[in-house]
Amino acid sequence: MAHQAKHPIIIGITGNIGSGKSTVAQLLRAWGYPVLDLDLLAERARENKKEELRRLFPEAFRGGVLDRRALGRLVFADPERLRALEDLLHPEIRRLLEEELARLEAPLVFLEIPLLFEKGWEGRVDATLLVAAPWEERLRRVVARSGLSPEEVLARERAQMPEEEKRKRATWVVENAGSLAELEGALRRVLADMGERFGVR
């Protein structure tokens, strides 16, 4: 029987709306690094726990299908129901994450977590990488790609921890205010520093 592989170093990627988290994740994948998306794991967890969700939140279902927006309205209006949702889904998300990590044989794994600091995930990763950009640039990007109004984008921004606070907490910050080539260069410098710090490549 093969010995279990050593647990990889986990780097949490985060950033406020429009910062370019997904672009950084795509670059890392293109360069051969495994990147897991916590939102996708949460989606799988919701599907796995669908019957329990239906019992807890029957009004969030439409014809047997979970309406995520309706669920969001329910739980964000009631802290007790939000806690019930998290108590149900978080253990399943952690189980799915451990499953994915056990399947990987890479020494360094990235985990994309939009609300990393807001939800206390920094205690579950080895280090954090913040993707940062000026608010005006982030607003322009999100309005251009999503069709949301500036007011809607601002509401989402206000629901997140301020970027300045995240800069203080993050292990590394990658600035994403310029060209893709500039972002690639900044990310490669961070990767080199990670390699030195953790003794991995």
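Heavy atoms only: backbone and side chains are in, while hydrogens, waters and symmetry mates are out. Numbers here are sequence positions counted from 1.
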Going by salt bridge (Lys or Arg N to Asp or Glu O under 4.0 Å), name the pairs with one or both residues in residues 171-189, residues two or more places apart or in two chains. Arg167-Glu175
Residue pairs, two or more places apart or on separate chains, that pass salt bridge (Lys or Arg N to Asp or Glu O under 4.0 Å) and touch residues 15-26: none
Can you confirm whether Leu180 sits close enough to Thr23 that some side-chain heavy atom of one is under 4.5 Å from a side-chain heavy atom of the other? yes
For the residue pair Pro34 and Leu108, what are the closest heavy atoms and their distance? CD-O, 3.4 Å
What's the separation between atom CZ in Arg197 and atom CD1 in Ile9, rounded to the nearest 0.5 Å? 11.0 Å
Any chance you could measure Ile113, atom CD1, to Leu129, atom CG, to the nearest 0.5 Å? 11.5 Å
Compare every heavy atom of Ser149 with every heavy atom of Val143, then report the nearest pair and how far apart it is. CG2-C, 4.4 Å
Do other residues, nucleotides or ligands put more than 12 heavy atoms under 6.0 Å from the CZ atom of Arg95? yes
With sequence neighbours excluded, tell me which residues meet side-chain hydrogen bond (donor to acceptor under 3.5 Å, both in side chains) with Gln160. none
Please report the C-alpha distance between Glu163 and Asn16 in whole Å, then the side-chain angles of each, then the deciding distance to 0.1 Å, and finally whether the side chain to side chain donor-acceptor pair (under 3.5 Å) criterion is met. CA-CA 7 Å; Glu163 188 181 86; Asn16 279 23; 5.8 Å; no
To the nearest 0.5 Å, how far apart are CZ in Arg94 and CZ in Arg124? 5.0 Å
Can you pull the salt bridge (Lys or Arg N to Asp or Glu O under 4.0 Å) pairs that have at least one residue in residues 73-89, sequence neighbours excluded? Glu59-Arg81, Glu86-Lys119
Pairing of Lys168 and Glu164 as salt bridge, 4.0 angstrom limit: no
When you compare the side chain of Leu101 with that of Pro8, does any pair of heavy atoms fall below 4.5 Å? yes
Those residues that, when tested against Phe61, pass ring pair (Phe, Tyr, Trp, His ring centres under 6.0 Å) (two or more places apart): none
Ion pair check, Glu92 and Arg46, cut-off under 4.0 Å: no
Regarding Arg103 and Glu98, does a basic nitrogen lie under 4.0 Å from an acidic carboxylate oxygen? no
If you measure from CG on Leu191 to CG on Leu28, what distance do you get to the nearest 0.5 Å? 6.0 Å
Looking only at heavy atoms, the pair that brings Gly64 and Arg54 closest together is CA-NH1, 3.5 Å
Working to the nearest 0.5 angstrom, can you tell me the gap between Leu148 CG and Leu154 CG? 12.0 Å
Is there side-chain contact between Phe110 and Met194, with at least one heavy-atom pair below 4.5 Å? yes
Under a 3.5 Å distance rule, please check whether Lys50 uses its side chain to pair with a backbone N or O of Ala45 as donor and acceptor. no
Please determine whether the number of non-hydrogen atoms from other residues, nucleotides or ligands lying under 6.0 Å from atom CZ of Arg156 exceeds 12. no
Measuring from atom CG of Leu97 to atom CZ of Arg44, what distance do you get when rounded to the nearest 0.5 angstrom? 10.0 Å
Note, Ile11 side chain near Val109 side chain (heavy atom, < 4.5 Å): no
Quick one: which residue pairs count as a ring-ring contact (aromatic ring centres under 6.0 Å, His included) with a foot in residues 118-175, not counting sequence neighbours? none
Check: Leu53 and Leu85 side chains under 4.5 Å, non-hydrogen atoms: yes
Is any side-chain N of the basic residue among Arg141 and Glu137 closer than 4.0 Å to the acidic one's carboxylate O? yes
Within 6.0 angstrom of Arg62 CZ, more than 12 heavy atoms from elsewhere: yes
Give a yes or no answer on whether the side chain of Thr128 reaches the backbone of Gly12 with a donor-acceptor pair at less than 3.5 Å. no
